Enquirer: 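Below is the structure I would like to discuss, written out as structure tokens.
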Amino acid sequence: LTGPAVALALQLFDGDPQQTRSVLGDDPAIDSAISVAMLSQKRYGDALQAWERITLDERRLKYHDLSETLIATLNQAGHFRDAAAATAAISDDPSTRPVLGTVNNGSFENGVKLRNAPAFEWQIADGREPQIGLSEGSKHSGRYGLMFTFNTFQTADFRELKQLIPVEPGATYRLDIWFRAALKTSSKFKFEALDATTQQVLGSVDIPLQSDWANGNVAFTVPDGADGVQLRLTRDGCIGVACPTSGNLWLDDISLSRK
């Protein structure tokens, strides 16, 4: 009954969360219901504030589903810094917590999840090709690089690698990426930075088909009013359904730095 009671109180008090608490009580269940109601009304700041009143342990455990819903909704609404802050708050692993303007696990030393990875970690698209995994045998630094093995014919045989990163609106960043390639294909490979909301390409690094370890970099400026960028590996130049590609590609030490 908490949800209906909160909804009624918000209606009576012109949507005022504080007056609602004064009548129904200062309780985590009330704040949880207020947060849900604020999300439904697209009052994202009030939703986040109500959620933050719940103890950290309860946000991680009892109200974990609410936390996940809040983060997903904030991301969908383009409030990436708030979503990242909420993600960091409930994460019990410091190595996976998103940091403003920072690539998470850019050196791949913490491994990668092949499925169901959170938005602010490396995400790998479902599929069988190309094969993707850590490489100890070829890396730019540290213990691992990330290796893509291609033996594909169809254009659809391409698993995208991407990561969402919270950034400062209007700021200029430099994207650095180290790569090694031994590929045979008529297509072209790029590593791009996109506006996470509009999917506008802000900057891209061309990856040659044949290369020993080399650095590529590009500077880009985040649009005013945007606070998230998406980094992704992409392939262009495939014509029709056939796009034969064979060989290997390695990535390592991907980073952002503010200029």
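Note that the structure is predicted; figures quoted are calculated from it, not measured.
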Enquirer: Should we count CD of Glu168 as having more than 12 external heavy atoms under 6.0 Å?
Expert: yes

Enquirer: Tell me if the aromatic rings of Trp122 and Phe108 count as close, with their centers under 6.0 Å from one another.
Expert: yes

Enquirer: Can you spot which of Asp176, Ile177, Asn217 makes a side-chain contact (heavy atoms from CB on, under 4.5 Å) with Ser255?
Expert: Asp176

Enquirer: If every non-hydrogen atom of Ser141 is compared with every non-hydrogen atom of Asp253, which pair is closest and at what distance?
Expert: OG-OD2, 2.6 Å

Enquirer: Could you tell me whether Asn215 atom CG has more than 12 heavy atoms of other residues or ligands within 6.0 Å of it?
Expert: yes

Enquirer: Closest heavy-atom contact between Thr185 and Pro244?
Expert: OG1-O, 3.1 Å

Enquirer: I need the minimum non-hydrogen distance between Arg21 and Asp31, along with the two atoms involved.
Expert: NE-OD1, 2.6 Å

Enquirer: Restricting to ring-ring contact (aromatic ring centres under 6.0 Å, His included), what partner residues turn up for Phe189, sequence neighbours left out?
Expert: Phe150

Enquirer: How close do Arg59 and Ala89 get, counting heavy atoms only, and between which atoms?
Expert: NH1-CB, 4.2 Å

Enquirer: Under a 4.0 Å N-O cut-off, is there an ion pair linking Asp252 with Arg180?
Expert: no

Enquirer: Should Asp236 and Lys190 count as an ion pair when the cut-off is N to O under 4.0 Å?
Expert: yes

Enquirer: Angle class for the His140/Trp213 ring planes (parallel below 30°, perpendicular above 60°, tilted otherwise)?
Expert: tilted

Enquirer: Strictly by ring-ring contact (aromatic ring centres under 6.0 Å, His included), give each pair with a member in residues 11-35 just once, sequence neighbours left out.
Expert: none

Enquirer: With no hydrogens and no angle check, is any side-chain donor or acceptor of Arg235 less than 3.5 Å from a backbone partner on Thr155?
Expert: yes

Enquirer: Please say whether more than 12 non-hydrogen atoms of neighbouring residues, nucleotides or ligands are located less than 6.0 Å from CG in Asp126.
Expert: no

